[in-house]
Structure formats: structure tokens, C-alpha cells
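Notes follow once the structure below has been shown.
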Amino acid sequence: MAQQKTPNLDSVTTINEDGSHFKLHPANVSGKFTLARRIVGFIIIFVYAALPWIPINGNPAVFLDTANREFHVFGISLDVQDLWVLFFFISGLGFILFFITSLLGRVWCGWTCPYTVFLDHVYRAIERFIEGDAPARKKLDNAPLTANKIFKRTVKHGLFILCSALIAHIFISYFVSLRGLYGFIKDGPGEHALSFGAIAFLTLTLYFCFAWFREQFCVMMCPYGRIQSALSDDDTMLIGYDSNRGEPRGKASNSDNGDCIGCRRCVNVCPTGIDIRDGLQLECIGCAACIDACDDIMVKIDRLPGLVRYSSHNALNGKKSKIIRPRLFAYLALMLLGTTALAVTMYKKARPFNAQINKMKGTLFQKDNTGVRNIYEIHLSNKRNAETTFAITLKDAPEWITMSGTTEGIVLQAKEKKTYNLVIIAPAEKYDGRFDFKIVVQSATDLTTIENKVSFLGPSPKLYRKKALQAKEANQQNLGENQAPPKEH
Amino acid sequence: MSPDSNTPTKKPSVKDGPILREHVFDGIQEFDQKLPNWWLFTFYIAIVFFVGYWVVYYSTDFMQTPTQSIDAKMAAIEDKKKQELVAMMDKLDDSVLVEWSNNQSITAEGKALYDQFCVACHAPDLNGGVIGRSLIDDHWEYGGKPMELFELVLNGSPADGKGFNGQKMQAWEDLLGPEKAAKTVAYVVSKSPHIKK
């Protein structure tokens with residue numbers, strides 16, 4: 001059983017020659033970056049766990065209510081038909097990541113990615129607490145199956161499953177809300193098989209990922225990790241080994257040697273099993289463990305820290321590192337484009353209510369001798385958790401049209417959807433063909449309005465007027481015959 | 001970089017440096033290394049799943065195609081609608097609708113529905129206008145009994161009906177359903193002095 005491997009650039013350390021998974025035991029490390037990462041990690045876990053508890057506008061801060069097809073994000077409510085704005089959300093977020101990556105490299109992976117955060121600050125912490133440091137864990141791996149080993153392994157995996165179940169419950173509460181989740185738990189799994197199945201599946205997946213799969217995800221599956229090599233360049237921040245200072249490696253007592261004493265400490269602490277001294281590699285998640293490890297050694301042997309440090313490829317090779325470069329502006333422009341598109345679409349679409357206007361089914365227009373009529377269906381949906389009153393007005397419409405229908409004091413209960421009919425009438429004398437106008441719906445609660453441009457359709461005005469005129473004349477001449485009198489009952 | 005000797009004396013190992021595959025394309029060669037076992041496992045699982053799914057989907061009735069599933073759901077909706085209609089028809093008759101018209105909570109619901117869908121043509125005072133007939137005068141084109149009104153609302157003006165000012169009323173069953181239609185009619189009954197009780 002291989003206990004120690006020498007990482008190389010030609011193969012992945014964590015995959016053995018026969019294709020099996022080589023289980024890494026990263027050594028314990030402490031230092032300023034480790035501490036800072038731990039603090040950031042706990043803040044992220046806290047935020048993640050707290051979001052479903054914080055109510056904004058009557059809904060949890062993040063509540064993706066798939067059952068009712070409503071999506072509440074920080075007080076903004078989206079209906080399912082508004083979901084296309086998520087395209088801009090993803091593109092905006094994506095371009096922000098582009099920008100950050102070109103500037104700061106893999107800072108996302110090492111510091112803030114939920115996978116790393118949970119793995120490092122929850123699961124590995126539990127493992128260290130129960131099984132001890134890296135040598136102790138290796139020893140336990142190779143030890144025969146004694147009562148002590150069975151006990152430790154049972155406790156460890158029990159805690160892993162417990163944590164996975166907790167995370168899975170928090171995750172599912174983003175979709176069913178905490179109140180919903182509590183209800184589900186009280187009702188029992190049989191009543192809500194789908195949610196229970198989702199939680200069970202998620203628990204097992206998390207357990208598998210964090211107990212066994214670990215770094216394989218970052219190294220081989222994560223698409224972001226793969227894209228990053230195309231986003232970064234020689235000026236991008238990375239964690240690098242200063243080979244000018246470090247080489248040749250050797251004993252500290254020999255003054256011909258560089259600062260690196262070849263202690264392998266940086267290799268032993270690496271969670272993906274690479275040797276940072278071989279340069280930037282795809283596996284590196286930028287966790288800065290090797291910086292803390294090396295600085296620790298350097299201080300002990302009375303040398304300057306920073307042999308492994310946050311730097312850039314150019315800076316490590318003695319060139320000047322540029323922060324401002326064309327790539328940065330290109331990504332910045334994309335980022336602004338993405339976030340602006342998101343802000344504009346959110347402003348236009350993420351309203352507290354929706355008003356969609358259609359022509360009534362199967363009717364283009366109606367005409368008689370008195371005028372032309374168009375019937376519109378106004379589909380209102382109140383996204384708020386409170387009763388709201390709406391009013392309908394017309395804008396940019398000719399003043400000679402009349403409308404018929406309920407336009408004032410339209411009351412919708414919390415989350416209610418209602419349809420109202422509205423008839424627009426153009427009198428025969430004034431009708432002059434198709435025209436466009438706007439139907440404006442305003443909420444009395446906060447005076448937000450939604451304007452819908454609609455078209456008033458009708459027959460060819462020339463023909464229509466000719467016919468209407470003839471009919472009128474005929475009507476006057478032959479009173480008493482059934483030539484569509486103005487009102488019949 | 002091309003392999004000079006193709007007859008290695010011992011089994012090559014990565015420890016001696018990268019093992020290259022023989023084929024060369026544009027001067028580019030490939031490492032000869034094993035894929036991770038878990039990765040291969042996902043392929044094998046996919047193959048097994050595909051065979052099983054293929055057989056089950058195409059050769060058994062265990063799973064529905066999307067078309068079948070939609071047809072089944074639509075049929076269930078139609079069925080439910082029919083059942084609701086039958087149940088409502090069993091329950092309703094002229095006297096029930098008259099009774100409902102004296103029930104304030106039902107007429108309040110009916111008024112809300114009337115304001116939503118009917119008011120555009122039949123006017124807030126129910127007196128009609130250029131579009132819809134008056135519901136409070138003494139003329140009933142298609143019958144003035146409560147149940148006749150109810151069926152008129154559900155199905156719209158009859159195909160051979162005269163219409164009013166050039167058009168006919170649409171069928172409201174899809175939009176309202178039998179229960180709401182009945183409540184709306186109850187409201188009209190409560191307002192109309194010439195209803196044939």
C-alpha cells in the first residue's frame with residue numbers, strides 16, 4: 001500500500017496506476033491563511049444556514065417555491081413566467097466570476113466554494129478530531145480491524161451522515177421553506193415521498209462526496225476549474241513557489257543551496273496531492289495550505305517567509321506584474337453588460353404583481369353599425385403575501401374611445417390570480433383603422449405600474465365606414481325592417 | 001518523442017516517466033494512463049441503465065411516453081370537469097338557484113365574478129349596453145328561468161340564436177366552471193326583477 005507518493009506533472013497523484021483512488025491524508029496545518037479561511041468558511045456556512053430563517057416581505061430570504069412555481073429572492077418575487085431573467089442572473093454571475101478569476105485566480109475554489117468550505121471546515125475537521133493527525137490516520141487505515149478502529153470509524157461515518165443530512169435539510173428548505181419542511185417532518189416520510197427521497201438522495205450524495213470522493217470532484221468534474229485555465233494569464237494571482245529563491249534544494253547547512261530544504265511539508269499538506277514546486281497545476285484549488293506550511297518551516301530555520309506565496313507567474317519570474325491589462329477590461333465590460341441586463345430585466349419584470357394582457361380567445365374584433373369593439377383579457381397575479389388593490393387605466397389612447405369593464409377597486413387576495421375582461425369601443429364615426437395604445441395596471445399599495453402595449457384591431461376603415469353609412473341610411477329609410485336596429489331585446 | 005523500442009523488457013510503470021501511446025498525430029502523442037475506476041464505473045452504469053431503460057420504455061407498458069402521459073392527464077382533467085358538471089347539475093334546479101340568490105355570501109361571490117367577467121358587456125347595473133343584453137328588463141331571448149340562464153352562461157348563446165348587435169356570448173364553462181357559473185347566475189337572479197321563478 002503506497003503511503004507516500006511523489007507527485008509528478010504527468011499523472012494525477014490521487015489516481016493509482018491501476019485506476020483506483022489513492023486516499024490522501026493531508027497533514028494538519030496552521031497559520032494566518034488557514035485561520036482566515038476558517039473564518040470565511042464559518043461565515044459562509046452561517047449565511048447558508050441562516051437564509052431560510054430570515055423573512056423578507058413575508059417570505060424567506062431565499063425561497064424557490066417550486067411547488068407553487070414562485071421564486072422569492074431577497075424580497076423580490078418572480079413567477080414562473082418571469083424565470084427568463086435567470087438567464088441574465090446566470091450570465092451576470094458568470095461574468096463576475098470571469099472577472100474575479102482573471103484577477104485573483106482560483107480564490108473562489110479555495111476560499112468560498114461550498115464544496116471546499118464543507119469539506120475543509122466540517123468533514124475534515126471531524127475526521128481530524130476523531131482519528132487524529134495525518135500519520136495517525138494513515139496508521140489507522142493500515143491497522144487491523146480492532147474494536148477501537150470499528151468504534152472510531154463508526155463514530156466518524158455516523159457524524160458524516162448526520163452532517164450530510166443536516167446540509168440536505170437546509171438545502172431542501174430553500175425549496176419548501178422551513179415551515180414546509182417542519183410540516184413534512186411532522187407528517188412523516190410516507191406523506192411526502194418526493195421531498196423525503198430528495199433529502200435521502202442528497203444526504204447520500206453529500207456523504208459519498210465528502211467521505212470518499214473529495215478532491216476528485218475539483219480535479220476531474222468541476223467545469224469551473226477547467227474553464228479557469230482559459231481565463232487566467234501570466235499576470236493572474238496564483239499560489240506559486242519562488243524557484244529563483246528556492247533552488248537548488250538541499251540541506252540548510254550547505255550555503256550553495258537555495259532556501260528550499262526539500263522537507264516536503266508543502267506536499268504533505270496539499271489536499272489535492274500536488275507539489276506546488278512544480279508550478280501552477282490544474283489540481284491546485286488555491287487553498288494556501290502550502291503557504292502556511294512553508295512559512296512555518298522558514299520561520300523555524302530563520303529564513304524569510306514567502307518562499308511559497310500569493311504572487312503571479314510574471315512576478316515569480318522576476319518580471320513586472322501588471323494588474324491592468326486588456327483581458328481585465330474585456331471581462332469587466334462583459335460583467336457590466338451581464339449585471340446591467342440583470343438589473344434592467346429585474347426592474348422591469350420582478351414586480352410585486354404581474355399583468356398580462358391578451359385578446360379574448362377567438363375574437364379579433366367585433367363590429368356593428370355603432371362601432372368596432374375589441375375585448376381584452378387582463379390576467380392579474382398578485383405575488384405579494386398581502387391583499388392588494390389595483391386600478392386599470394389607458395394611456396396614449398385616442399380620447400374618443402370608450403371602455404367598459406371593471407377598472408377601479410380591483411382587489412386581489414394574497415397570491416391570488418384573477419382575470420378581468422375589458423372592452424374597448426371605437427364609435428363608427430371616429431374609427432379610422434388599427435391603432436396602438438397602452439393598458440396600464442397600477443397597484444395601490446406602492447403605486448408600481450405595469451404598462452402593456454396592445455393593438456386595437458378592426459376592419460378596413462374605408463369599407464367599414466361605407467357599409468356602416470349605407471346601413472344607417474337604409475335603416476332610416478326602412479324603419480321597422482330588421483336592419484339591425486340600435487337596440488333590440 | 002516517438003517510441004524507438006516497442007519491446008519493453010519489463011512492464012512499464014509511470015515511475016520511470018510517462019508511458020506514451022504509439023500513434024502520433026501532428027507530432028502530438030497521448031499518455032497511456034488508466035482512467036479513474038469511478039469514472040469508468042459511471043460509463044458501465046450508463047450502459048446497463050440504457051439497456052434496461054430501452055427495454056422497459058419500448059417493450060413494456062410500465063412507462064408512459066410524454067404524449068401518453070399528457071393525454072392521460074388531460075383526460076383526467078376532462079373527466080373531473082364532467083364529474084363536477086354532473087354533480088352540479090344534480091344539485092341545481094330553479095329553486096336551488098333562487099335559494100342561493102337569497103344567500104348573501106353566495107351573491108357576494110357571484111358579484112365579484114360578475115365584476116370580473118360579465119360587467120364589460122352587461123354593465124355594472126346589469127342593464128346591458130351596446131354589447132350585451134340587459135339582464136334586468138323583461139325580455140329573455142333564450143329563456144328566463146334560472147337554470148336556462150345557467151346553461152346559457154356555461155355554453156354561450158345557442159348556435160342558431162339571433163345574437164345581439166352582431167355577436168353572441170361565448171361559452172364560459174372553461175373559464176368559470178359550473179360552480180362559479182352557478183354563483184354568478186345566483187347573483188343575476190338576485191338582481192333581476194323579471195326572472196321567471
Side-chain angles (χ1 to χ4, degrees), chain A residues 2 5-6 8-12 14-22 208 212-213 216-217 219-221 360-363 365-373 375-378 380 402-412 418-425 427 482 484-489, chain B residues 11-20 30-42 111-124 127-141 144 156 162-172 174-176 180 194:
Chain A
K5 267 189 162 186
T6 306
N8 62 64
L9 285 174
D10 298 324
S11 58
V12 182
T14 49
I15 293 299
N16 291 323
E17 246 180 279
D18 62 357
S20 58
H21 184 197
F22 176 76
F208 167 76
W212 188 83
F213 202 52
Q216 296 292 301
F217 178 84
V219 175
M220 307 205 192
M221 275 175 76
M360 181 183 266
K361 208 159 63 176
T363 63
F365 57 83
Q366 297 168 336
K367 59 174 175 159
D368 63 6
N369 299 331
T370 58
V372 183
R373 298 182 292 271
I375 306 181
Y376 300 91
E377 280 177 356
I378 302 174
L380 293 176
T402 49
M403 66 176 164
S404 172
T406 305
T407 52
E408 293 289 331
I410 297 170
V411 178
L412 265 73
K418 257 184 175 178
T419 301
Y420 280 83
N421 285 352
L422 186 71
V423 183
I424 305 289
I425 304 160
N482 59 347
K487 193 145 182 168
E488 76 168 24
H489 289 304
Chain B
K11 196 171 171 276
S13 162
V14 230
K15 288 190 188 90
D16 311 323
I19 309 159
L20 293 169
E30 244 188 302
F31 282 168
D32 188 8
Q33 292 181 5
K34 278 208 83 170
L35 280 168
N37 290 347
W38 61 260
W39 187 301
L40 287 171
F41 185 70
T42 59
K111 182 184 179 349
L113 290 162
Y114 181 90
D115 287 347
Q116 235 177 299
F117 298 103
C118 319
V119 77
C121 298
H122 292 287
N127 198 21
V130 281
I131 316 163
R133 288 176 190 276
S134 169
L135 303 172
I136 49 175
D137 64 3
D138 54 2
H139 176 86
W140 295 106
E141 178 73 26
K162 220 192 300 175
F164 181 68
N165 281 1
Q167 92 259 343
K168 293 174 176 178
M169 185 168 78
Q170 70 164 38
W172 291 94
D174 280 350
L175 253 162
L176 289 174
K180 283 183 177 174
H194 300 287

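Sequence lines set the chain letters: A, B, ... in the order given, protein chains first and strands last, and positions in each chain run from 1. As the structure is a prediction and not an experimental result, all values here were calculated from the model.
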_Interatomic spacing from CD in B:Gln33 to CG in B:Leu20 - rounded to 0.5 Å_ = 9.5 Å
*For B:Phe31, is it the side chain, the backbone, both, or neither that has a heavy atom closer than 4.5 Å to a heavy atom of chain A?*
side chain
*Engaged part of A:Met403 at the chain B interface, taking heavy atoms whose separation is under 4.5 Å*: neither
*asked:* Is B:Trp39 in contact with chain A via its backbone, its side chain, both, or neither, using a 4.5 Å heavy-atom distance?
replied: side chain
*Near A:Phe208 CZ, under 6.0 Å, is it more than 12 heavy atoms from other residues, nucleotides or ligands?*
yes
_Heavy-atom cut-off 4.5 Å, strictly under: side chain, backbone, both or neither for B:Leu175 against chain A?_
side chain
*Is it the backbone or the side chain of A:Ile425 that comes under 4.5 Å from a heavy atom of chain B, or both, or neither?*
side chain
_Has B:Tyr114 got a side-chain atom pairing as donor or acceptor with B:His122's backbone, closer than 3.5 angstrom?_
yes
*Can you sort out the partners of B:Trp38 under side-chain hydrogen bond (donor to acceptor under 3.5 Å, both in side chains), two or more places apart, ordered by chain and number?*
A:Gln216
_Given heavy-atom pairs under 4.5 angstrom as the criterion, report whether the side chain, backbone, both or neither of B:Asp138 touches chain A._
neither
*Could you tell me which non-hydrogen atom of B:Ala120 sits nearest to which non-hydrogen atom of A:Val423, and how far apart they are?*
CB-CG2, 3.4 Å
